[in-house]
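As structure tokens, the structure follows; a few thoughts come after it.
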Number of protein chains: 2
Amino acid sequence: MKVTRNTTAKTAVLEVFEKSKTALSHTEIQKQLNNVCDRVTIYRILDRLVNDDIIHKISNLDGTVKYAKCNHSHQRVHIHNHAHFSCENCHEITCLETVKPSYIMPHNYKVNEINFTLSGLCPKCLNSNI
Amino acid sequence: MKVTRNTTAKTAVLEVFEKSKTALSHTEIQKQLNNVCDRVTIYRILDRLVNDDIIHKISNLDGTVKYAKCNHSHQRVHIHNHAHFSCENCHEITCLETVKPSYIMPHNYKVNEINFTLSGLCPKCLNSNI
DNA sequence: AATTTAACGCAACAATGTTGCAATTGATTT
DNA sequence: AAATCAATTGCAACATTGTTGCGTTAAATT
């Protein structure tokens, strides 16, 4: 098996995630990194972190892709089946770790993963009367 | 209010949707149209059809965007809150019109729209023992 | 048939993501 | 501490996807 290394670029990316309470796009991460590393390197780090189950990928309704740190606090095996909220006003994406949808599937489908994104107004924007 | 016109390009795009049982990406539509119109025109037609509530936009887990015809059969006012299934093997996306998730939201969020995508194996691929 | 303007084609651009390859550097071994 | 190995990086080049401006075309109405 491949050994993964703790490089300065990877550490820097992880710090950005640590500081952020919301999900981040590649571009947002790049801006915060301030030329710590190349654009391509960020893509590769994100790929690795997703593979290692350290972050997860979220694709938004408008087609944009964001990443967020996984919260492993309570589970041994991490499951990504929680919901995300996408604010139409500030465009922030937050994980709704407590929201787990229930649903009934037709027969003959094998479900491996679910993606549940709700959009509307987040508490912050709702309170400022948009 | 703007008047929308029935152009040959728009009719051709609608025919492609009519023939297809699954959701289609811009690229897939373009291939089926065989130079009926320009690439840009397809984008503009898709935008119009989404606005007119004739098709809906689905953004997939992997970041790809697809479109599918809306099924207005039983409702007056169309709601897009049904689930989609994305097959990991054949990459087809189908609407699961009957699947509607139930969930409980934290306070202070205003939900306008939901996107619920399940991925795994569709009946066709499940039966061929992948 | 004339008129109006929605829709179109084309070109050019912007954003996002990918790939190949030589150089670098983290981790391990000697 | 130096040598070794390969994971990781930077750079350049490319691919894909989506957008915008503008002059032209063609639906729909008069």
Side-chain angles (χ1 to χ4, degrees), chain A residues 1-17 22-68 86 91-93 115 117, chain B residues 1-17 22-68 86 91-93 115 117:
Chain A
M1 197 168 63
K2 266 199 170 188
V3 183
T4 56
R5 292 176 184 177
N6 286 320
T7 63
T8 49
K10 184 180 162 187
T11 310
V13 170
L14 281 174
E15 265 171 30
V16 171
F17 277 115
T22 62
L24 301 165
S25 66
H26 171 272
T27 313
E28 288 164 341
I29 294 165
Q30 194 184 353
K31 275 176 194 158
Q32 290 198 39
L33 281 184
N34 247 85
N35 293 334
V36 166
C37 64
D38 193 74
R39 208 170 63 85
V40 178
T41 303
I42 300 175
Y43 278 114
R44 296 201 259 229
I45 290 172
L46 291 173
D47 282 350
R48 253 181 293 149
L49 292 177
V50 168
N51 264 309
D52 295 351
D53 235 26
I54 293 165
I55 61 174
H56 57 270
K57 190 175 175 176
I58 309 156
S59 66
N60 207 6
L61 271 179
D62 59 12
T64 57
V65 174
K66 300 215 174 188
Y67 300 86
S86 165
H91 297 104
E92 274 189 4
I93 296 185
N115 177 271
T117 308
Chain B
M1 198 169 61
K2 265 199 171 188
V3 184
T4 57
R5 294 176 183 176
N6 286 321
T7 62
T8 49
K10 184 180 163 187
T11 310
V13 169
L14 281 174
E15 265 172 30
V16 170
F17 277 115
T22 62
L24 300 165
S25 67
H26 171 273
T27 313
E28 287 164 342
I29 294 165
Q30 194 183 353
K31 275 176 194 159
Q32 289 198 40
L33 282 183
N34 247 82
N35 293 334
V36 166
C37 65
D38 193 73
R39 207 170 63 86
V40 178
T41 303
I42 300 174
Y43 278 114
R44 296 200 260 230
I45 290 173
L46 291 173
D47 282 350
R48 253 181 294 147
L49 293 177
V50 167
N51 263 311
D52 295 351
D53 234 26
I54 294 166
I55 62 173
H56 57 271
K57 190 174 175 176
I58 310 155
S59 65
N60 206 6
L61 271 178
D62 60 12
T64 57
V65 174
K66 300 214 174 189
Y67 300 85
S86 165
H91 297 104
E92 274 189 7
I93 296 185
N115 177 271
T117 309

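By convention in this document, chain letters (A, B, ...) are assigned in the order of the sequence lines, proteins followed by strands, and residues within each chain are numbered from 1.
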From CG of B:Asp52 over to P of C:dA7, roughly how many Å is that when rounded to an integer?
9 Å

B:Tyr43 has an atom OH; how far is it from atom C1' of C:dA7, in whole Å?
18 Å

Quick one: does A:His26's side chain have a donor or acceptor within less than 3.5 Å of a partner on A:Val65's backbone?
no

Protein-nucleotide distance (B:Ile42, atom CD1; D:dT16, atom P), rounded to Å:
16 Å

Given atom NZ of A:Lys66 and atom P of C:dG17, what is their separation to the nearest angstrom?
12 Å

Expected output: side-chain A:Ser59 to main-chain B:Asn60 donor-acceptor under 3.5 Å
yes

Would you state whether a donor and an acceptor, one from the side chain of A:Arg5 and one from the base of D:dA6, lie under 3.5 Å apart?
yes

Between B:Leu14 and B:Ile54, is any pair of side-chain heavy atoms under 4.5 Å apart?
yes

B:Val40 side-chain proximity, nearest of C:dC8, C:dC10, D:dG10:
C:dC10

Between atom CD in B:Glu28 and atom C1' in D:dT16, what is the gap in whole Å?
14 Å

Name the one of A:Lys10, A:His56, A:Arg44 that satisfies side-chain contact (heavy atoms from CB on, under 4.5 Å) with A:Leu49?
A:Lys10

Can you list everything that forms a salt bridge (Lys or Arg N to Asp or Glu O under 4.0 Å) with A:Glu28? Sequence neighbours excluded, please.
A:Lys66

Distance, rounded to the nearest Å, where B:Lys10 contributes NZ and D:dA27 contributes P
13 Å

If you look at every strand shown and take non-hydrogen atoms under 4.0 Å, does A:Val65 touch a base, only sugar-phosphate, or nothing?
sugar-phosphate

Could you state the CD-C1' distance from B:Gln30 to D:dG18, rounded to the nearest angstrom?
12 Å

A:Asp47 or B:Ile45, whichever maps to the more 5' nucleotide of DNA chain C
B:Ile45

Rounded to the nearest angstrom, tell me the gap between atom CG in A:Leu46 and atom P in C:dT18.
10 Å

Side-chain donor/acceptor contact of A:Arg39 with base of D:dG10 under 3.5 Å
no

Is there a side-chain polar atom (N or O) of A:Thr27 under 4.0 Å from OP1 or OP2 of C:dT16?
yes

Identify, between B:Thr8 and A:Thr7, the residue whose nearest nucleotide on DNA chain C lies closer to the 5' end.
B:Thr8

Quick one: the side chain of B:Arg44 and the base of C:dG9, do they pair up donor-acceptor inside 3.5 Å?
yes

